[in-house]
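Contents: one structure, followed by commentary.
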Amino acid sequence: MTIELDWENLGFNYMNLPLRYIAHYKGGKWNAGELTSDHQLHISESSPALHYGQQGFEGLKAYRTKEGTIQLFRPDQNALRLQKTARRLCMPEVPTEMFIDAVKQVVKANEDFVPPYGTGATLYLRPLLIGVGDIIGVRPAEEYLFTVFAMPVGSYFKGGLAPSSFVISRDYDRAAPLGTGGAKVGGNYAASLQAEVGAKKAGYADAIYLDPTTHTKIEEVGAANFFGITKEGEFITPLSPSILPSITKYSLLYLAEHRLGLKAQETDVLVTDLERFVEAGACGTAAVISPIGRIDDGDRTYIFHSETEVGPTVKRLYEELVGIQFGEVEAPEGWIVKIDE
Ligand SMILES: *Cc1c(COP(=O)(O)O)cnc(C)c1O
């Protein structure tokens, strides 16, 4: 059973669904956690998450299969990454089992909002961990909230994969060399808004961030990871502690090597070396892959395959991964977690 919604035209918009999960950390431990219909958070005005950015989040999706069942894609990886984020910001970790249980509860409770198979739409889940409580001094909070809410979202590419143009950010970094770039925190997003707004105003899909130490190497494409395909058949993606380790990226690295027979490698990607790529893409849970048609850097322009058409390797990678996510293609061991009927 699903309710009636315009599944094909959902976009990426907040929706107040019937139920979400919330757990409270106090006195050194998590409470049992529960589903609630209340979509407002009731927190102290002094909460460290609000003032000092002590928070982290995740993003993952639930997929409806052809058989009508619902499944998650590598939720254990999101749990592990939120734990890493928590350590970096001195927050308590949410155990993997608790994380996956919370996600499953929210999917089940909002089952009617998991879009039908074939629409390309999915149920997007947003786990959020925030420091709360009556603390105004700069130190880690003593209380935390962990919440998971959900909303149906549309397929990013309705009319098939289409390339976008990006511009290299020469005025702003999103992260510091030993900062929080590798943690999924709101602060990185706040730091990148100005570059993003400027890039969009100039007609680009988003800005590309360089390594904050030398400004010679590609790091992130907006809030997505970069990869390029060489004419020698290599899948290359940058390696740096200030890049957010994308689960989509690591999945593509694996599929590139084991399913497409490419040589997959994480290594430095110099801006001056961009010419070696015959195809390029940005990857993340939201869009899976956004083909990169063009990158501008001052007076220099780099074109990858075509500005209007997706390249063959990027297309195959996309189809393989999306096929796995919707249960049409056999998944590597442990990648799929089913929601019980
Ligand atoms: C979440 C995120 C990504 C993509 O990660 P996925 O696990 O593939 O969704 C990439 N870059 C940044 C900055 C992110 O926050």
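Numbering starts at 1 and runs along the sequence shown. First listed ligand is number 1; within each ligand, the first listed atom is number 1.
The closest approach between any non-hydrogen atom of Arg81 and ligand 1 is below 4.0 Å. Under a 4.0 angstrom heavy-atom cut-off, Arg174 registers as being in contact with ligand 1.
With respect to atom 9 (O) of ligand 1, the closest heavy atom belonging to the protein is Thr285 OG1, 2.6 Å. From the protein, the heavy atom lying nearest to atom 11 (N) of ligand 1 is Glu220 OE1, 2.8 Å. Nearest protein heavy-atom contact of atom 1 (C) of ligand 1 is Lys184 NZ, 1.3 Å. In terms of protein heavy-atom proximity, atom 3 (C) of ligand 1 is nearest to Ala223 O, 3.6 Å.
Of the candidates Val271, Asp211, Leu210, Asp211 is the only one forming a side chain to side chain contact (heavy atoms under 4.5 Å, CB included) with Thr216.
Salt-bridge formation is detected for the pair Arg294/Asp296: a Lys NZ or Arg NE/NH1/NH2 atom is positioned less than 4.0 Å from an Asp or Glu carboxylate oxygen. Here Glu58 does not pair with Lys184 in a salt bridge; the nearest charged N to carboxylate O distance is not below 4.0 Å.
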Tell me which donor-acceptor pairs under 3.5 Å the side chains of residues 315-322 have, and how far apart each pair is, sequence neighbours excluded?
unit_1: Lys315; atom_1: NZ; unit_2: Glu319; atom_2: OE2; d: 3.3
unit_1: Glu320; atom_1: OE2; unit_2: Arg259; atom_2: NH1; d: 2.7

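Applying the 4.0 Å criterion to heavy atoms of Asn225 picks out, from ligand 1, the atoms 10 (C), 11 (N).
Atoms CD1 and CD, on Ile208 and Glu219 in that order, are 12.0 Å from each other to the nearest 0.5 Å.
Distances between N or O atoms of Ile247 and those of ligand 1 include at least one value under 3.5 Å. Looking at ligand 1, you'll find an N or O of Tyr189 within less than 3.5 Å of one of its N or O atoms.
Residues forming a side-chain hydrogen bond (donor to acceptor under 3.5 Å, both in side chains) with Tyr117 (at least two apart in sequence, or on another chain): Glu328.
Between Phe113 and Trp7, the gap from one ring centroid to the other reaches at least 6.0 Å.
For the residues Ser246, Ala286, Ala282, the heavy atom positioned nearest atom 8 (O) of ligand 1 is part of Ser246.
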